[in-house]
Amino acid sequence: MFESQTAIASSHSPHLRKPGSKSVSSDLGAGEPGNSVQEGYVFPLTVGEMKASNSPMHTTSIMPSPIFLWRFKVIWFLIWAFTCCKIGWDSVMRMSADLRDLFLYEAFLYYNPLLLVTMMVWLWGVCLWVFSQSTINYAKIFDLDSNHLTHREIWKSSIWMTVIVPTSMTAYLYLYSHGEVALAASQPVILYVAVALVLIFPFDIFYFSSRYFLLRTLWRIALPLQPISFPDFFLADILTSMAKVFSDLERSVCRMVHRQVATIAWFEADSVCGSHSVAIPLVLVIPYIWRLLQCLRQYKDTKEKPTLSNGGHMFIVASGFFQVLSTHSTHFIGT
């Protein structure tokens with residue numbers, strides 16, 4: 001007729017309740033001394049469950065939001081840009097008026113190639129973003145592997161390039177205007193060496209697969225001994241548009257090799273790295289020769305006549321540069 005004490009205890013046992021379920025209360029034996037122990041088990045367990053359920057919300061609340069992080073980065077970027085502009089402007093104003101124009105042209109010549117490459121990387125990220133929004137399978141078109149870079153990773157690389165190149169240029173202007181000529185001359189050298197090392201770094205960091213794909217494509221362009229793929233054609237066509245960049249790059253490297261950085265000796269007509277150098281038209285013509293060889297190779301494989309017309313156009317451009325190379329009389333400053 002009466003339930004046993006074991007049955008009553010089991011109905012109030014906290015071990016039989018499922019997590020998150022409400023505790024069952026009963027008036028049976030309320031206020032009796034024997035039930036105080038059971039209430040002692042139930043109450044701490046309920047409080048502990050409430051704390052456990054609130055802890056993830058507490059952890060999430062202390063994490064900064066993505067919008068806050070984005071605004072924080074933008075603020076730091078604007079502070080950095082203002083600082084570089086202020087230091088660069090003050091450094092230029094410290095120079096004499098007759099030296100200012102020549103020195104600015106030289107500084108622009110060292111950093112112009114990398115600034116243009118940085119802009120190209122930014123625009124390439126924009127292209128990939130447009131492709132992804134349009135559901136274009138660009139990875140298959142460009143023959144990319146599964147580890148290819150997305151537009152976000154391209155933009156991340158371009159952000160680093162946007163920060164590093166102007167910072168080196170600002171340091172170059174500041175050190176030269178304050179009389180530290182040797183340290184100023186080392187700034188573009190360090191930057192160019194660092195870029196070259198990042199490209200050829202043989203370990204699996206800094207997007208190794210993408211760097212290897214770029215270097216392999218450049219090798220295929222320089223020696224078109226195999227059938228021409230779309231990446232070969234696409235990158236070679238970009239290189240023809242960057243012929244002026246290669247010309248500035250040649251003069252910059254030439255001055256670094258001949259220790260003419262942070263000087264105006266290159267401005268002399270008989271200078272090895274001056275504007276009358278034979279290497280300038282030679283470097284300008286190389287991308288067009290590569291495209292001409294690609295057109296000939298493609299015609300050999302496909303027998304398509306449009307490739308011959310493209311090759312004829314490249315031959316005309318290359319012939320013009322060879323004519324300049326033979327005369328040695330063209331002045332390239334400002335072109």
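It should be emphasised that the depicted structure is a prediction, and the values quoted were computed from it without experimental measurement.
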Show, in sequence, the C-alpha distance, side-chain angles and deciding distance for I141 and F230, and conclude whether the side-chain contact (heavy atoms from CB on, under 4.5 Å) test is met.
CA-CA 8 Å; I141 296 175; F230 185 80; 3.9 Å; yes
Would you sort out whether L239 and L218 count as a side-chain contact (heavy atoms from CB on, under 4.5 Å), showing the intermediate values?
CA-CA 10 Å; L239 295 180; L218 290 174; 4.0 Å; yes
Under the criterion side-chain contact (heavy atoms from CB on, under 4.5 Å), I'd like the reasoning laid out for M120 against I238: C-alpha separation, chi angles, the key distance, then a yes or no.
CA-CA 10 Å; M120 183 189 68; I238 293 177; 3.9 Å; yes
Passes side-chain contact (heavy atoms from CB on, under 4.5 Å), Y174 versus E180? Steps please.
CA-CA 9 Å; Y174 177 83; E180 301 291 341; over 6 Å; no
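Annotation: the span from Q260 atom CD to E106 atom CD amounts to 9.0 Å, rounded to 0.5 Å. For the atom pair CD (Q294) and CG (D237), the distance works out to 9.0 Å, reported to the nearest 0.5 Å. F213 contributes atom CZ, which lies 11.0 Å from atom NE2 of H148 (distance to the nearest 0.5 angstrom). With rounding to the nearest 0.5 angstrom, the CZ atom of R255 is 6.0 Å from the CZ atom of R251. In this structure, W129 CH2 and S134 OG are separated by 8.5 Å, a value rounded to the nearest 0.5 Å. Between atom CZ of residue F108 and atom CG of residue L115 there is a gap of 7.5 Å, rounded to the nearest 0.5 Å.
Residues R100 and M95 approach most closely at NH2-O, 2.9 Å, considering heavy atoms. Of all heavy-atom pairs spanning R211 and I200, the tightest one is NH1-C, 4.1 Å. Contact record, V121 with S158: CG1-CB, 3.7 Å, taken as the closest heavy-atom pair. The two atoms that bring P231 and T217 nearest to each other are O-CG2, 3.8 Å, heavy atoms only. For the residue pair L173 and A107, the shortest heavy atom distance occurs at CD2-CB, 4.2 Å. A pairwise comparison of heavy atoms in V117 and M242 identifies CG2-CE, 3.9 Å as the closest pair.
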With a cut-off of 3.5 Å and sequence neighbours excluded, list every side-chain donor-acceptor pair involving residues 65-83.
| unit_1 | atom_1 | unit_2 | atom_2 | d |
| --- | --- | --- | --- | --- |
| S65 | OG | F68 | N | 3.3 |
| W80 | NE1 | T167 | OG1 | 2.9 |
| T83 | OG1 | I79 | O | 2.8 |

Per-pair distances, 0.1 Å, donor-acceptor, side chain in residues 181-193, under 3.5 Å, sequence neighbours excluded:
| unit_1 | atom_1 | unit_2 | atom_2 | d |
| --- | --- | --- | --- | --- |
| S186 | OG | L183 | O | 2.6 |
| Q187 | NE2 | L183 | O | 3.3 |
| Y192 | OH | Y110 | O | 2.4 |

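No donor-acceptor pair under 3.5 Å is formed between the side chain of S168 and the backbone N or O of I164. Without hydrogens or angle criteria, Q226 side chain to R220 main chain gives a donor-acceptor distance under 3.5 Å. A distance-only check finds a donor-acceptor pair linking the side chain of Y288 to the backbone of T240 [under 3.5 Å]. No donor-acceptor distance shorter than 3.5 angstrom exists from the side chain of S91 to the backbone of L175, with no hydrogens or angles considered.
Placement of W160 and L197 within a single hydrophobic cluster is found when ILVMFWY residues are connected by side-chain heavy-atom separations under 4.5 Å, directly or transitively. Under the 4.5 Å side-chain heavy-atom criterion for Ile, Leu, Val, Met, Phe, Trp and Tyr, L223 and V285 are members of distinct hydrophobic clusters. L235 and M119 fall into different hydrophobic clusters, where Ile, Leu, Val, Met, Phe, Trp and Tyr are joined by side-chain heavy atoms under 4.5 Å apart, directly or via other members. Grouping the Ile, Leu, Val, Met, Phe, Trp and Tyr side chains by contacts below 4.5 angstrom, directly or via other members, places L123 apart from M161. Placement of F201 and L149 in two distinct hydrophobic clusters is found when ILVMFWY residues are connected by side-chain heavy-atom separations under 4.5 Å, directly or transitively.
Heavy-atom contacts from other residues, nucleotides or ligands closer than 6.0 Å to CZ of R216 number more than 12. Atom OH of Y111 is surrounded by more than 12 heavy atoms from other residues, nucleotides or ligands within 6.0 Å. When the shell of 6.0 Å around CZ of F206 is examined, it contains 12 or fewer heavy atoms from other residues, nucleotides or ligands. The neighbour count for R152 CZ, taken as heavy atoms of other residues, nucleotides or ligands under 6.0 Å away, does not exceed 12.
With a 4.5 Å cut-off on side-chain heavy atoms, L284 and F246 do not count as touching. Between I221 and L293 the shortest side-chain heavy-atom distance does not fall below 4.5 Å. Between V130 and I136 the shortest side-chain heavy-atom distance does not fall below 4.5 Å. Between T150 and S132, every side-chain heavy-atom pair lies at or beyond the 4.5 Å cut-off. The closest side-chain heavy-atom distance from W155 to V126 is below 4.5 Å. Side-chain contact between E153 and S157 is absent, with no heavy atoms from C-beta onward closer than 4.5 Å. Residues R94 and D90 form no side-chain contact, since every pair of their non-hydrogen atoms from C-beta on lies 4.5 Å or further apart.
Aromatic ring centres of F142 and F234: separated by under 6.0 Å.
Applying the side-chain contact (heavy atoms from CB on, under 4.5 Å) test between I154 and each of W124, W122, Y207 identifies W124 as the sole match.
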